[in-house]
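Values below: all heavy atoms of this structure, side chains included; hydrogens, waters and symmetry mates excluded.
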Amino acid sequence: MEVAIVGAGAAGAGAAYALRGADADVTVFERSSDVSGRAATRRRNGCRYDYGANYVKGDDPRVSRLVTETLAAPALVDVETPVWTFDAAGAIEEGRDDDDHKWTYEAGIAGLGRRLLDRTDATVELETRVGGIERDGGGWTLADADGGNLGTYDALLLTPPAPLTAALLDGTAWDDGLREEVRDAVAAVDYRSVYSAVLHYGFELDRPWYALVNTDREHPVGWVSREEEKRGHVPDGESLLIAQMAPDWSAERLGDDPDAVTADAARLVADLLDDGRIADPDWTDGRGWRYALPNAGIEGDAHRRCEGHGLYVAGDWVVGEGRVHRALRCGLDAGARIAAR
């Protein structure tokens, strides 16, 4: 069986992993230059930092076993320092560390997708944007953004964020009313945007928490975490903050100059932490995630009925929770269903 997976995030990598050992030739198409999607890591000035998803939760037994046994190696990091909370007024309180585990890797959370795919025989085509899909007899023919043929496959799994998957389905040449039905269901999934500001300092920030989360969603800062609490990420004597800004604030700033956005974010974090030094980082980085967090999952069963035609979808937006472990589990389950064909 020939299987195409569009997207090499947690869901796509999980599906490829579930298909290992099956009688299938798997090709993964990824439009960016690396795998793992929003479970993203960058390196700069001796630091590694997870600037999308911060860690993998231990809420799913199958994912937990996979992370700690198969994908662990010596480089697995479990952040033990707690998560505290703050409200709209910026009042910080101890509590809400309800995650038993907060897993990443010394080399960063992007290692999750790489480790999954390294344990498969899948062919991974990076910097390849799927631009067209056509129902061709009993299979699916893919084309790249320039119309080049990417092959015909017995099963096709789409894992990009819902708006991007809906756009692919909208342009799919498939003369079946189910296409419009599933496209409409996918397009109805909406998202919250998040701007991640990376703020580095040449001094240690001594705080009793790993991260702060805004519980009432009324503060312009949604989350701030200390990357130095992850072993191997930040040199001793330095601090690196990851500030994930609130969705409304982020959506308004996505098109602005990145330096201005990170500067404003630094001032807001300085006010929150009551530390004027935070307003003047020695270097910054940033990324706006337009499709960061799905507000709900896909409704109806059209996406499951498509599976009878060899068309599958997977991702955190299918289950309705923007968490790496949920996306990974969704991909594992989709891969298992494809293998069962």
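The hydrophobic clustering, which links ILVMFWY residues whose side-chain heavy atoms are closer than 4.5 Å, places W317 and V130 together. Residues V313 and L168 share a hydrophobic cluster, clusters being chains of Ile/Leu/Val/Met/Phe/Trp/Tyr side chains in contact below 4.5 Å. With hydrophobic clusters built from ILVMFWY side chains whose heavy atoms lie under 4.5 angstrom apart, V261 shares a cluster with L268. Under the 4.5 Å side-chain contact rule for hydrophobic residues, L117 and I5 share a cluster. Clustering ILVMFWY residues whenever any of their side-chain heavy atoms sit less than 4.5 angstrom apart, transitively, puts V35 in a cluster other than the one holding Y105.
Cation-pi geometry between R129 and F29 is not met at under 6.0 angstrom from the ring centre and within 45 degrees of the axis. A cation-pi arrangement is absent between R44 and Y49, since the terminal nitrogen or guanidinium carbon is not both under 6.0 Å from the aromatic centre and inside a 45° cone about the axis. Within the cation-pi definition used here (under 6.0 Å to the ring centroid, within 45° of the axis), R192 does not qualify as a partner of Y291.
S239 OG to D206 CG: the interatomic distance, rounded to the nearest 0.5 Å, is 9.0 Å. The distance from atom CG of L254 to atom CG of D256, rounded to the nearest 0.5 Å, is 8.5 Å.
Annotation for S193 and S250: closest pair O-CB, 3.6 Å, computed over non-hydrogen atoms. Across every non-hydrogen atom of A16 and A122, the tightest pair is CB-CB, 4.4 Å. Residues D316 and G322 come closest through the heavy atom pair OD2-CA, 3.4 Å. Closest heavy-atom contact between A279 and A270: N-CB, 3.5 Å.
In the displayed structure, R43 atom CZ is contacted under 6.0 Å by at most 12 heavy atoms of other residues, nucleotides or ligands. Counting heavy-atom neighbours within 6.0 Å of R217 CZ, excluding the residue itself, gives a total of 12 or less. No more than 12 heavy-atom neighbours from other residues, nucleotides or ligands sit within 6.0 angstrom of CG on D274. When the shell of 6.0 Å around CG of D248 is examined, it contains 12 or fewer heavy atoms from other residues, nucleotides or ligands. Applying the 6.0 Å contact sphere to CZ of R42 captures more than 12 heavy atoms from other residues, nucleotides or ligands.
Applying the salt bridge (Lys or Arg N to Asp or Glu O under 4.0 Å) rule to D333 yields the partners R62, R329; only residues at least two apart in sequence or on another chain are considered. For E299, there are no side chain to side chain contact (heavy atoms under 4.5 Å, CB included) partners two or more places apart in sequence or in a different chain.
Using modelled atom types, one finds no donor on one side chain facing an acceptor on the other under 3.5 Å when comparing E106 with H233. In this model, a donor atom of one side chain and an acceptor atom of the other lie less than 3.5 Å apart for D78 and H101. Donor-acceptor pairing under 3.5 Å is recorded for the side chains of T81 and E229. The closest side-chain donor-acceptor pair between Y201 and D280, if any, does not fall under 3.5 angstrom. Between the side chains of W140 and D154, no donor-acceptor pair is found at a separation under 3.5 Å.
At distances below 3.5 Å, not a single donor-acceptor pair connects side-chain atoms of E125 with backbone N or O atoms of E30.
Looking at R337 and E307, a side-chain N of the basic residue comes within less than 4.0 Å of a carboxylate O on the acidic one, giving a salt bridge. Using a 4.0 Å cut-off between a side-chain N of Lys or Arg and a carboxylate O of Asp or Glu, D60 and R326 do not qualify as a salt bridge. Between R253 and D264, at least one side-chain nitrogen of the basic residue sits less than 4.0 Å from a carboxylate oxygen of the acidic one, meeting the salt-bridge criterion. With respect to R114 and D34, a salt bridge is recorded, a charged nitrogen being found less than 4.0 Å from a carboxylate O.
A side-chain contact (heavy atoms from CB on, under 4.5 Å) with V186 is found for exactly one of T165, V318, L158, L164, namely T165.
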Starting from the C-alpha separation in whole Å, work towards a yes-or-no answer on salt bridge (Lys or Arg N to Asp or Glu O under 4.0 Å) for D50 and K230.
CA-CA 10 Å; D50 302 324; K230 298 174 179 177; 3.0 Å; yes

Yes or no on salt bridge (Lys or Arg N to Asp or Glu O under 4.0 Å) for R179 and D184, after CA distance, side-chain angles and deciding distance?
CA-CA 9 Å; R179 180 193 66 84; D184 291 347; over 6 Å; no

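By the 30° and 60° cut-offs, the orientation of the rings of F86 relative to H219 is perpendicular.
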Atom pairs and distances, side-chain donor-acceptor, residues 143-153, under 3.5 Å, sequence neighbours left out:
unit_1 : atom_1 : unit_2 : atom_2 : d
D144   : OD1    : D146   : N      : 2.9
D144   : OD1    : G147   : N      : 2.9
D144   : OD1    : G148   : N      : 2.6
N149   : OD1    : G151   : N      : 2.6
T152   : OG1    : T141   : OG1    : 2.7
Y153   : OH     : L150   : O      : 2.6

